[in-house]
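All of these numbers come straight from a predicted model, not from anything done at the bench. Labels below follow one simple rule: chain letters A, B, ... track the order of the sequence lines, proteins then strands, and each chain is numbered from 1.
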Amino acid sequence: MSFPKNLTSVGKKILMGLTGLALIGFLCAHLAGNLLVFIGPGTFNEYSHKLTANPLIYVAELGLLAIFLGHLATGIALTLRNRAARPTPYHVKRSAGHTTRKSLASATMIVSGAIVLVFVPLHLWTFKFGKSYGAEGGVRDLYRLVMEVFSSPGYVLWYLVAMVFVGFHLWHGFSSAFQSLGAEHPRWDPLLRSFGWFLSVLIAGGFIAVPVVIFFAGGKL
Amino acid sequence: MAKMTLNLVVWRQADANAAGRMVEYVVRDASPDMSFLEMLDVLNEDLIKRGEEPIAFDSDCREGICGSCGVVIDGVPHGPEPGTTVCQLHLRHFRDGETVAVEPWRAASFPVQKDLVVDRSALDRIMAAGGYVSFNAGGAPDGNAVPISKSKADAAFDVAACIGCGACVAACKNASAALFTAAKISHLALLPQGAAEREQRVLRMVAQHDKEGFGACSNEGECQAVCPKEISIAAIARMHREVMHATVCSR
């Protein structure tokens, strides 16, 4: 992992911003796909089939993996460097208030990030590499697997907690990415930050809606 | 005006290599009109009379414009009043009988020399790396000989107000000097006089910032909240734009 080390602190933050925004873009597309579950098994399975049957999916997956790992490696490199910059802690330290943007979300980015890091492989294991039921026309019945998994209260709860942390990560991450990419304007900045909060609630809420609705509907829609 | 009592808990450290600790002191009969540093002066007079070592702290102009002073008061650099250096912070902002923790700036790049005094020469080395313009200024130029728009002049002035006190580093959870470095870069980037060295300046100053061991910016804005000159983190966004510009344009 020498590449994030060779970047300056500013270069690392620009990379964090770029990869972060790309990952948010992925989340939006992922969520749109998930919400098709509410239309019905036919549409949902057809979507998942067309998505995975396209050979370009491997290129996209490789790119996504590179972006994910880049964000991860840079985030860890930054955190280690930042911790080393203050070896002796204060006896008393509190937020200055006033014009600060510090929040619980901004102070715990590495924690929410770590939870997502645990979640992602488990999530892939459950769905992407999970049980493959057959549906009509040789299409994988992903719909059935989704219904099955989201009937389990334990899994629904873990999924819900993970998505709250995703929302938490984006709460600070969205506007922070723009700031790192040099976008800051007295007129647009408050709007951008409000939009970031709105988007983080929308994304987390959207992902949470699927398992919660399925669970309370008794594992079928 | 009624006199007040303050219970101080102050970081005492004999020298750069000694281990420090928090020591309690009681300051009685302090005037609410005293500045925080004047209160420390009174305490030091008392310590000297008792044959103890006075508390070392930096200060010079005592009117908030030199950047010499600065201590962390109850976890906030320069104390609770926004836009105020510690020499301009008056005791009227504290309660009678309040317990107040006083600590030096804490950063790997700001080693403590003694008590509340830290070595901030890392900031000087960032300046030496590029915070200047290299040309013979000659005599005083005619006013408005170089046209500069009002908005740019204002923006440059806002960041040029930086007094280099280091409170931004002290407040940042990453001990980043991003706001200081960005203010100095922005000041010259906004003015035509700085244009000749625009690209090399930002790259050199950012490289020196990192070399000194300061952390990276997490865009939390604690720095702008404690900055006695209320410099906005918009300067940090500008520094990032300058880095991107220089990376693409310099050769």
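Interface remark: A:H172 contributes side-chain atoms only to the contact with chain B (heavy atom separation under 4.5 Å). Heavy atoms of A:P186 lying under 4.5 Å from chain B are absent altogether. Heavy atoms closer than 4.5 Å to chain B are found in the backbone of A:A84, but not in its side chain. Looking at B:E103, the atoms closer than 4.5 Å to chain A (heavy atoms on both sides) all sit in the side chain, from C-beta outward. Of the atoms belonging to A:S180, heavy atoms from both backbone and side chain fall under 4.5 Å from chain B.
With 3.5 Å as the limit, one finds no donor-acceptor pair spanning the side chains of B:N219 and A:S106. A:T100 and B:E220 form no side-chain donor-acceptor contact under 3.5 Å, judged by distance and modelled atom types alone.
Contact annotation: the side chain of B:M239 approaches that of A:V10 to within less than 4.5 Å [non-hydrogen atoms, C-beta and beyond]. Using a 4.5 Å heavy-atom cutoff, the side chains of B:H240 and A:I14 are in contact. Inter-residue side-chain proximity for B:H209 and A:T8 is flagged as unmet; no heavy-atom pair is nearer than 4.5 Å. Residues A:K93 and B:R106 form no side-chain contact, since every pair of their non-hydrogen atoms from C-beta on lies 4.5 Å or further apart.
Comparing A:G182, A:S176, A:A183 by heavy-atom pairs within less than 4.5 Å of chain B, the highest count is held by A:G182. The candidate with the highest count of non-hydrogen atom pairs below 4.5 Å against chain B, out of A:R94, A:M109, A:H185, is A:R94. Between chain B and the residues A:R86, A:H98, A:R101, the largest count of heavy-atom pairs under 4.5 Å involves A:R86.
Residue-level contacts of residues 170-189 of chain B with chain A, in order of numbering, are B:A170, B:A171, B:C172, B:K173, B:N174, B:A175; threshold 4.5 Å between heavy atoms. Applying a 4.5 Å heavy-atom cutoff, none of the residues of residues 118-126 of chain A approach chain B.
In this structure, B:W11 CH2 and A:T88 OG1 are separated by 7.0 Å, a value rounded to the nearest 0.5 Å. To the nearest 0.5 Å, atom NZ of residue A:K102 and atom SG of residue B:C223 are 11.0 Å apart. Atom CD of B:E222 and atom OG1 of A:T99 lie 9.0 Å apart (nearest 0.5 Å).
The backbone N or O of B:A235 lies less than 3.5 Å from no partner atom in the side chain of A:E184, so there is not a single donor-acceptor pair. A donor-acceptor pair is defined here as one N or O able to donate and one able to accept, closer than 3.5 Å; such a pair exists between the side chain of A:N82 and the backbone of B:A216.
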